[in-house]
Trainee: 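Before I ask anything, let me first share the structure, which is written out below as structure tokens.
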Amino acid sequence: MTLQSDAASETACRTDLYDVALKRFERAVSYLDLSEAVKNFLRVPKRELTVNFPVKMDNGEIANFAGYRVHHSTVLGPTMGGVRYTPHANLDMVRALAMWTTWQCALVNLPYGGAKGAVICDPAQLSTAERERLTRRYAGEISVLIQGQSDIPAPDLGTDAQTIAWMMDTYSLVTGRSIPSLVTGQRTGHNRHNGHNGQHRPHVPITGSLDRADATGLGVVICLDEALCRVGLDQPAEVRIAIQGFGSVGRWVARHAAAMGYRVVAVSDISGGLYDPNGLNVDDVIAYAESNVGGVVAGYPCADAITNADLLALDCDVLVPCALENQITRENARDVRAFLIVEGATGPVTPAADLLLKRRDVTVIPDMLANAGGVIVSYFEWVQGLQSFLWDAREVQRQLRRVLLKAYEDVMRTRYEFGVTLRTAAQIAAIKRVSEAAMVRGLVP
Ligand code: NAD
């Protein structure tokens with residue numbers, strides 16, 4: 001068996017994501033007084049690894065897989081970043097995402113550089129046993145970059161807490177002792193069950209942090225709430241929210257938004273979307289999706305069925321893309337009717353769409369800020385792992401809010417200082433921090 005990725009998608013990803021990352025970098029540095037040497041240093045990844053490895057499949061055949069791990073920058077500290085399992089992975093995609101992670105960590109003031117990893121595979125086509133063998137083999141292959149806690153993997157698209165637990169176990173086997181702080185995003189127990197009015201039942205089976213699983217979604221909602229409060233919209237029940245993508249991020253955005261009283265009028269996933277102008281019963285939709293093969297929302301009986309294209313063009317106040325990159329583009333940006341877009345996904349709005357949205361006064365809270373909750377709580381998890389000391393859920397949420405809102409304030413200040421969009425402001429603030437640290441360290445002669 002050989003794994004073939006879709007060549008067309010791969011080419012699209014290659015030209016898009018890395019190209020976009022570099023374009024946005026160039027735009028931001030044009031506002032900064034940096035030497036060519038510093039720009040050249042920050043523009044390229046520090047190190048890249050490509051691995052090819054065999055995995056025994058359940059039917060006894062051997063399949064060959066390819067994977068990557070890229071460290072973009074180690075200026076602020078060890079690298080950290082997610083691992084994606086997707087048929088569309090390629091080196092340029094991983095480079096782009098590693099660079100993004102560097103800026104994201106810098107923006108929220110974490111002592112990390114950015115990394116990213118990926119394996120070219122379709123996780124939906126793998127059994128649990130195959131995923132475990134693949135994960136352990138990939139973890140072993142990239143361990144040369146992980147040794148000494150110099151790089152900290154976390155879950156991302158197509159991977160989860162279980163994947164990360166297998167990675168941690170593999171490294172611990174190699175080193176001969178359990179090292180929880182080698183990875184973040186490990187399995188945590190049900191410290192908050194469906195509905196939010198449920199009780200907190202702190203429980204961490206291996207290691208990890210409470211509230212890591214929903215941290216990205218919670219961070220998105222903290223940003224959304226802050227943006228609305230800043231324009232005087234403090235009546236959540238009057239705010240209609242549409243969410244594209246109903247996976248790890250989208251579901252938690254829906255849950256937290258509904259718990260805060262916002263009206264979640266539409267959600268969608270790969271199977272299609274649901275719409276109820278009066279507000280969906282989010283817990284009921286999640287329960288329905290979880291009872292379905294593939295966890296999809298299609299067929300939910302208590303709402304109107306819509307397409308993903310319908311959702312993006314819906315009459316609503318806030319649009320929260322939480323699925324994939326390149327969803328709001330030159331082609332459909334004019335159809336967007338929301339006045340606020342909060343990027344739960346990484347790179348859902350293309351640069352051409354950014355321009356069109358800006359002309360129409362649609363505010364975009366950029367991914368770098370909006371979906372930083374995951375890296376922030378990953379950092380808390382790392383700190384707790386190093387100290388073997390578990391914070392309670394209230395402390396995790398309090399610190400997440402504090403760190404995220406400080407970054408929000410930094411972005412707003414930078415925006416007014418330079419007269420740029422929030423996206424460019426976030427990049428300027430982040431690049432400034434990394435370049436100053438590089439100079440202080442004397443990294444660039
Ligand atoms: P996931 O795999 O759990 O969920 C993805 C969701 O998107 C699924 O509901 C899927 O059905 C849906 N989807 C896929 N293709 C779609 C399409 N064409 N149209 C509409 N929906 C589609 O992934 P996730 O972890 O929720 O990540 C989503 C995004 O958020 C990614 O861009 C990821 O990089 C970013 N992100 C995730 C985290 C995290 O903590 N998980 C942190 C930061 C950023």
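Every number for a ligand or one of its atoms is a count from 1 in the order of the listing.
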Trainee: Counting each atom of ligand 1 from 1 as listed, which ones have a heavy atom of A345 under 4.0 Å away?
Mentor: 29 (C), 30 (O), 32 (O), 35 (C)

Trainee: With heavy-atom distances below 4.0 Å as the criterion, list the atoms of ligand 1 near G247.
Mentor: 3 (O), 4 (O), 6 (C), 8 (C), 9 (O), 26 (O)

Trainee: Only heavy atoms of D156, strictly under 4.0 Å: list the atoms of ligand 1 that pass.
Mentor: 34 (O)

Trainee: Pull out every atom of ligand 1 sitting under 4.0 Å from any heavy atom of L324, numbered as shown with elements.
Mentor: 15 (N), 16 (C), 18 (N)

Trainee: Evaluate salt bridge (charged side-chain N to carboxylate O under 4.0 Å, His left out) for D214 paired with R255, printing each intermediate quantity in order.
Mentor: CA-CA 9 Å; D214 62 322; R255 264 186 184 150; over 6 Å; no

Trainee: Number the atoms of ligand 1 from 1 as they appear, then name those within less than 4.0 Å of a heavy atom of L157, with their elements.
Mentor: 2 (O), 23 (O), 27 (O), 28 (C), 31 (C)

Trainee: Tell me which part of T216 gets within contact of ligand 1: side chain, backbone, both or neither, using heavy atoms under 4.0 Å.
Mentor: side chain

Trainee: Do you see a donor-acceptor pair shorter than 3.5 Å between the side chains of N371 and T216?
Mentor: no

Trainee: Quick one: which ligand 1 atoms are inside 4.0 Å of a heavy atom on D269?
Mentor: 9 (O), 11 (O), 20 (C), 21 (N), 22 (C)

Trainee: Verify, without hydrogens or angle tests, whether R43 (side chain) and F25 (backbone) share a donor-acceptor contact under 3.5 angstrom.
Mentor: no

Trainee: Taking only non-hydrogen atoms of S248, do any sit less than 4.0 angstrom from ligand 1?
Mentor: yes

Trainee: Below a 4.0 angstrom heavy-atom separation, can you tell me which part of N371, side chain or backbone, both or neither, approaches ligand 1?
Mentor: both

Trainee: Please determine, by modelled atom types, if D156 and T159 share a side-chain donor-acceptor pair under 3.5 angstrom.
Mentor: no

Trainee: Report, in ascending order of atom number, the atoms of ligand 1 lying under 4.0 Å from any heavy atom of V249.
Mentor: 24 (P), 26 (O), 27 (O), 30 (O), 37 (C), 38 (C), 39 (C), 41 (N)

Trainee: Is it true that T307 and D310 share a donor-acceptor pair across their side chains at a distance under 3.5 Å?
Mentor: yes

Trainee: Which ligand 1 atoms does A323 reach within 4.0 Å, using its non-hydrogen atoms?
Mentor: 7 (O), 13 (N), 21 (N), 22 (C), 28 (C), 29 (C), 31 (C), 32 (O)

Trainee: Does the residue E325 have a heavy-atom contact with ligand 1, meaning some pair of atoms that are separated by less than 4.0 Å?
Mentor: no

Trainee: Will you find, in the side chains of T101 and Y112, an N or O donor that is under 3.5 Å from an N or O acceptor?
Mentor: no

